[in-house]
K.L.:
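Dumping the structure here so I can ask a few things about it.
Each chain gets a letter, A, B and so on, in the order its sequence line appears, and its residues count up from 1.
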Protein chains: 4
Amino acid sequence: MARLRQVDVSKTKDRIVLAARDLFWEHGYEATSLADVVEKANAKTGSLYYFFKTKEELLLAVLDWYMENLFPVLIQPIIAHISDPVERVFALLDGYRKALVATGCTYGCPIGNLTLELGDSLPRAREKLASNFEGWRTWVRKFLEEAGDRFPEKLDRAEVAMFVLTVMEGGVMQARAQQNLEPFDAGVRQLRTYFYLLSGERPKPQ
Amino acid sequence: MARLRQVDVSKTKDRIVLAARDLFWEHGYEATSLADVVEKANAKTGSLYYFFKTKEELLLAVLDWYMENLFPVLIQPIIAHISDPVERVFALLDGYRKALVATGCTYGCPIGNLTLELGDSLPRAREKLASNFEGWRTWVRKFLEEAGDRFPEKLDRAEVAMFVLTVMEGGVMQARAQQNLEPFDAGVRQLRTYFYLLSGERPKPQ
Amino acid sequence: MARLRQVDVSKTKDRIVLAARDLFWEHGYEATSLADVVEKANAKTGSLYYFFKTKEELLLAVLDWYMENLFPVLIQPIIAHISDPVERVFALLDGYRKALVATGCTYGCPIGNLTLELGDSLPRAREKLASNFEGWRTWVRKFLEEAGDRFPEKLDRAEVAMFVLTVMEGGVMQARAQQNLEPFDAGVRQLRTYFYLLSGERPKPQ
Amino acid sequence: MARLRQVDVSKTKDRIVLAARDLFWEHGYEATSLADVVEKANAKTGSLYYFFKTKEELLLAVLDWYMENLFPVLIQPIIAHISDPVERVFALLDGYRKALVATGCTYGCPIGNLTLELGDSLPRAREKLASNFEGWRTWVRKFLEEAGDRFPEKLDRAEVAMFVLTVMEGGVMQARAQQNLEPFDAGVRQLRTYFYLLSGERPKPQ
DNA sequence: TATGAATGAGTCTTCATTCAT
DNA sequence: CATGAATGAAGACTCATTCAT
């Protein structure tokens with residue numbers, strides 16, 4: 001039973017983490033004040049500092065949340081609904097597309113945002129951001145490996161998984177800059193073409 | 001005599017823009033205080049506000065600087081030294097690689113950083129960021145067009161140029177997250193493979 | 001024990017309100033900086049903003065203070081010491097005269113000052129200033145009504161009460177402008193003459 | 001010819017004075033910045049300081065403008081159009097009523113505003129404010145003297161003139177506080193009643 | 001477990017003023 | 001006469017953080 005409530009919204013600490021997660025996503029780390037967080041979490045300053053020693057610690061907790069929820073929120077539904085391994089990769093990308101649509105191309109990937117905003121100013125956060133990327137790429141690599149001989153044996157699946165993330169992040173960035181989906185969709189199209197070519201077929205006419 | 005110093009780099013306004021450019025690049029927009037800017041520019045707060053009505057206006061001036069200097073700083077040297085059009089594309093990417101090396105993978109692309117940090121919170125800045133991307137991609141498209149029939153006639157050169165930027169930005173992001181060049185280099189390798197495949201050849205062994 | 005100090009004048013919030021009240025009175029709203037306020041209140045900027053969201057909110061609190069203290073500070077002592085209702089009116093005026101004397105005709109009526117300084121620039125403050133006037137006039141009207149048939153039945157006591165405030169404020173203003181009591185005293189004399197005439201008697205020789 | 005252009009709007013100095021006059025009237029002295037003044041006057045900071053050493057000097061020039069224009073703007077039209085001396089007094093009051101109507105009871109008497117805002121913080125300004133009052137009262141006294149034996153011989157015309165100003169200022173103040181003309185009109189009504197009583201008649205029924 | 005109060009350095013911005021041209 | 005540039009102190013306000021209860 002309790003297992004189902006990994007995050008209990010009724011608990012102050014969790015409400016704070018979720019509020020911080022959303023605000024860091026929407027406005028970034030620096031532009032989010034802890035006053036904003038406690039207000040959104042319907043908590044009090046003192047409470048926040050009871051649970052988190054500093055703003056940085058709160059950020060780390062948010063990054064842990066993302067790591068813990070990568071599978072249940074992003075991966076598991078894809079595995080449940082899609083069987084073709086290559087299509088699982090594109091379904092993952094399509095999740096980010098849906099988020100772009102839902103926010104009018106305003107928000108993007110929270111991990112990518114924080115990576116570029118923070119650089120190496122908070123090294124512990126940077127490590128967790130890298131771990132988030134690592135986890136994401138691990139699942140893509142797994143999918144690609146499931147595709148078996150549909151790709152050349154020599155193809156480095158881990159590197160291609162990294163490339164998929166590269167395309168996703170670069171596409172989201174440009175989509176946000178110009179406020180439309182075209183750069184993201186273009187990236188996905190090129191990636192599909194690349195996969196076709198890798199699998200030995202001729203490229204689809206564009 | 002004085003006529004010769006019409007564009008005097010020691011002029012306060014220029015010093016302020018250059019200082020802001022560097023600090024926004026290194027620490028981001030929010031994390032940079034105007035006190036930092038004037039100190040680095042060896043100017044005074046009052047002077048900054050004589051030239052720029054707000055911090056946002058200063059940012060816009062910085063983004064204008066990037067637009068005006070895209071050609072002389074990034075493009076022109078490549079055109080001067082490299083004749084093969086496809087290699088010009090990779091030389092452009094290599095410029096970003098060199099910046100990553102020089103900064104120990106700490107800083108990345110200033111335009112990409114600001115795009116993700118700011119989102120749509122400063123709409124005028126967002127437009128200028130989009131224009132910067134647009135300018136960059138225009139040059140890549142030009143290079144690809146110069147490559148003539150080395151790519152299929154039907155290939156959408158503009159979309160591929162967009163894809164090149166996508167790969168660059170996505171690669172820089174992951175390189176910064178994990179503090180090494182591997183994701184960037186991997187992205188470039190995959191892109192080279194893609195170009196080989198598009199041009200009808202077999203991929204180089206990886 | 002602590003129960004006895006529920007209203008502790010040494011409490012930071014109260015000290016801030018009282019300091020602001022005095023400074024707004026002495027120098028006006030705009031000319032008073034919040035740095036002045038916290039210094040006089042022996043508090044810190046952060047504390048001020050813990051209790052008051054803006055400078056305007058602090059002003060509103062000061063205006064509330066005046067409303068709450070109209071009776072205990074100005075009215076009650078008069079009622080306690082003077083029984084003749086008409087003389088209660090003049091005793092109220094005499095209170096302002098004493099304040100002029102005490103400050104060398106430098107300060108006047110804090111409500112009048114703020115009314116003219118602020119106009120409608122802070123509408124919520126304007127409403128509270130109007131309420132202060134309203135409260136003041138209500139007491140004067142009450143005194144006039146207690147005077148019963150010493151004034152003609154048809155005389156509009158509320159309007160005369162308004163006139164009393166008019167004379168007080170106009171007299172204080174000119175007394176401050178020329179730095180002597182003469183305009184104030186002249187106004188009171190004319191008002192006495194008016195009251196004599198209204199009550200059917202001949203005016204006292206001036 | 002030149003006599004007709006006592007204030008030449010085309011001259012920078014005059015434009016500055018008129019802009020300052022309006023802004024001091026609308027927002028007060030402290031709330032008006034010299035940047036506001038030069039913008040409204042379509043002048044430049046340097047120019048303002050060419051003509052006026054300090055903000056205080058500018059204020060003094062504005063107060064001189066009011067003194068110089070009391071007769072041509074306020075008094076002369078009344079003398080030209082109204083012959084009854086007592087009605088000239090009420091015509092003067094009616095001029096202020098018209099200003100209240102025109103501004104929705106937002107602005108009042110510029111001299112009164114500045115008197116209460118500044119107190120004795122700028123002594124030279126205070127003197128000029130007192131002189132403005134003095135000039136105004138002198139004309140009212142002149143009108144009352146022209147009324148000859150309509151008032152008792154013993155009546156101190158100068159003191160009554162002072163009282164008229166008192167009623168005007170106190171009425172304008174309350175009208176601005178409660179954003180309607182009633183306090184001003186009530187003051188004028190009471191003053192008329194007073195004049196009737198002074199002239200030996202019975203008060204008009206109210 | 002939670003919180004109301006307090007802190008003071010720091011934020012962006014505005015200010016009256018100066019000065020060389 | 002007039003002005004563009006520069007100044008630095010001061011403005012209102014926000015911040016992450018601390019602490020006693």
Side-chain angles (χ1 to χ4, degrees), chain A residues 11-13 15-16 29-38 41-59, chain B residues 2 8 11-13 15-16 29-38 41-59, chain C residues 2 11-13 15-16 29-39 41-59, chain D residues 11-13 15-16 29-38 41-59:
Chain A
K11 283 164 95 175
T12 303
K13 184 174 182 177
R15 290 203 317 277
I16 290 172
Y29 178 75
E30 288 286 343
T32 297
S33 77
L34 295 181
D36 296 338
V37 173
V38 294
N42 201 26
K44 303 289 161 11
T45 325
S47 308
L48 190 155
Y49 275 89
Y50 177 77
F51 294 112
F52 306 99
K53 280 214 304 275
T54 62
K55 190 182 183 184
E56 182 180 1
E57 298 278 342
L58 175 57
L59 172 63
Chain B
D8 185 344
K11 274 190 167 165
T12 304
K13 186 174 181 178
R15 291 201 319 273
I16 290 172
Y29 177 75
E30 289 286 344
T32 297
S33 81
L34 295 179
D36 297 339
V37 174
V38 295
N42 198 28
K44 307 292 171 343
T45 31
S47 307
L48 191 157
Y49 276 91
Y50 177 73
F51 294 109
F52 306 100
K53 280 209 295 282
T54 62
K55 190 183 182 184
E56 181 181 1
E57 298 274 346
L58 175 58
L59 172 63
Chain C
K11 274 191 167 163
T12 304
K13 184 174 183 177
R15 290 201 320 274
I16 290 172
Y29 178 75
E30 289 286 345
T32 297
S33 81
L34 295 180
D36 297 339
V37 174
V38 295
E39 194 199 330
N42 199 27
K44 306 292 173 336
T45 32
S47 307
L48 190 155
Y49 276 92
Y50 177 74
F51 294 110
F52 306 100
K53 279 210 296 280
T54 62
K55 189 182 182 184
E56 181 180 2
E57 299 275 346
L58 175 58
L59 171 62
Chain D
K11 283 163 95 176
T12 303
K13 183 174 183 177
R15 289 203 319 275
I16 290 172
Y29 178 74
E30 288 287 344
T32 296
S33 78
L34 296 182
D36 296 339
V37 174
V38 295
N42 201 27
K44 304 288 164 6
T45 326
S47 307
L48 191 155
Y49 275 90
Y50 177 76
F51 294 112
F52 306 100
K53 280 215 301 276
T54 63
K55 189 183 183 184
E56 182 179 2
E57 299 279 343
L58 175 59
L59 172 63

K.L.:
For residues C/Leu48 and C/Val38, report the shortest heavy-atom separation together with the two atoms involved.
P.N.:
CD1-CG1, 3.5 Å

K.L.:
Looking at F/dA10, I'd like to know if its phosphate oxygens (OP1 or OP2) sit under 4.0 Å from a side-chain N or O belonging to C/Ser33.
P.N.:
no

K.L.:
Of all the nucleotides listed (E/dT17, E/dT11, E/dG4), which has the minimum atom distance to the side chain of A/Lys44?
P.N.:
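Of the options given, the side chain of A/Lys44 lies nearest E/dG4.
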
K.L.:
Going by heavy atoms closer than 4.0 Å, what residues in residues 45-57 of chain C are next to DNA chain E?
P.N.:
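Output list: C/Thr45, C/Gly46, C/Ser47, C/Tyr50, C/Phe51.
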
K.L.:
To the nearest Å, how far apart are D/Leu34 CG and E/dT14 P?
P.N.:
15 Å

K.L.:
Measure from the side-chain N and O atoms of C/Tyr50 to the backbone N and O of C/Lys13, and report whether any donor-acceptor pair falls under 3.5 Å.
P.N.:
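No, C/Tyr50 side chain to C/Lys13 backbone: no donor-acceptor pair under 3.5 Å.
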
K.L.:
Atom CD1 of D/Ile16 to atom P of F/dC1: distance rounded to whole Å?
P.N.:
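Computing the D/Ile16:CD1 to F/dC1:P distance gives 12 Å.
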
K.L.:
Measure across D/Glu30 and D/Lys55 and return the closest heavy-atom pair with its distance rounded to 0.1 Å.
P.N.:
O-NZ, 3.8 Å

K.L.:
Can you measure A/Glu30 atom CD to E/dG10 atom C1' for me and round it to whole angstrom units?
P.N.:
13 Å

K.L.:
Give me the atom names and distance for the closest heavy-atom approach of C/Asp36 to C/Ala31.
P.N.:
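Distance-wise, the nearest heavy atoms are OD2-O, 4.2 Å.
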
K.L.:
Answer yes or no: does atom CD of D/Glu57 have more than 12 heavy-atom neighbours from other residues, nucleotides or ligands under 6.0 Å?
P.N.:
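Buried by this count: over 12 neighbours within 6.0 Å.
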
K.L.:
Please figure out whether C/Asn42 or B/Tyr29 has its closest DNA chain E nucleotide nearer the 5' end.
P.N.:
C/Asn42

K.L.:
Just how far, in rounded Å, is P of E/dT3 from NZ of A/Lys13?
P.N.:
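Interatomic distance, NZ of A/Lys13 to P of E/dT3: 15 Å.
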
K.L.:
Once you round it to whole Å, what is the distance between P of F/dC1 and CZ of D/Arg15?
P.N.:
13 Å

K.L.:
Heavy atoms only: give me the nearest B/Arg15-B/Ala41 pair and the separation to one decimal.
P.N.:
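In terms of heavy atoms, the two residues are closest at NE-O, 2.8 Å.
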
K.L.:
Heavy atoms only: give me the nearest C/Tyr49-C/Thr54 pair and the separation to one decimal.
P.N.:
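Heavy atoms only, the tightest pair is CE2-CA, 4.2 Å.
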
K.L.:
Within this structure, what is the CG-to-C1' distance between D/Leu58 and E/dA16, rounded to whole angstrom?
P.N.:
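Distance, rounded to whole Å: 12 Å.
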
K.L.:
Apply the side chain to side chain contact (heavy atoms under 4.5 Å, CB included) test between D/Phe52 and each candidate in D/Val37, D/Leu58, D/Leu34; give the one that qualifies.
P.N.:
D/Leu58

K.L.:
Could you spell out the base pairing of DNA chain F in dot-bracket, with Watson-Crick or G-U pairs whose two distances are under 3.5 Å, [ ] crossing and | to another strand?
P.N.:
.||||||||||||||||||||

K.L.:
Decide yes or no for C/Glu56 and C/Tyr29: does some side-chain heavy atom of the first lie under 4.5 Å from some side-chain heavy atom of the second?
P.N.:
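C/Glu56 vs C/Tyr29: side chains touch.
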
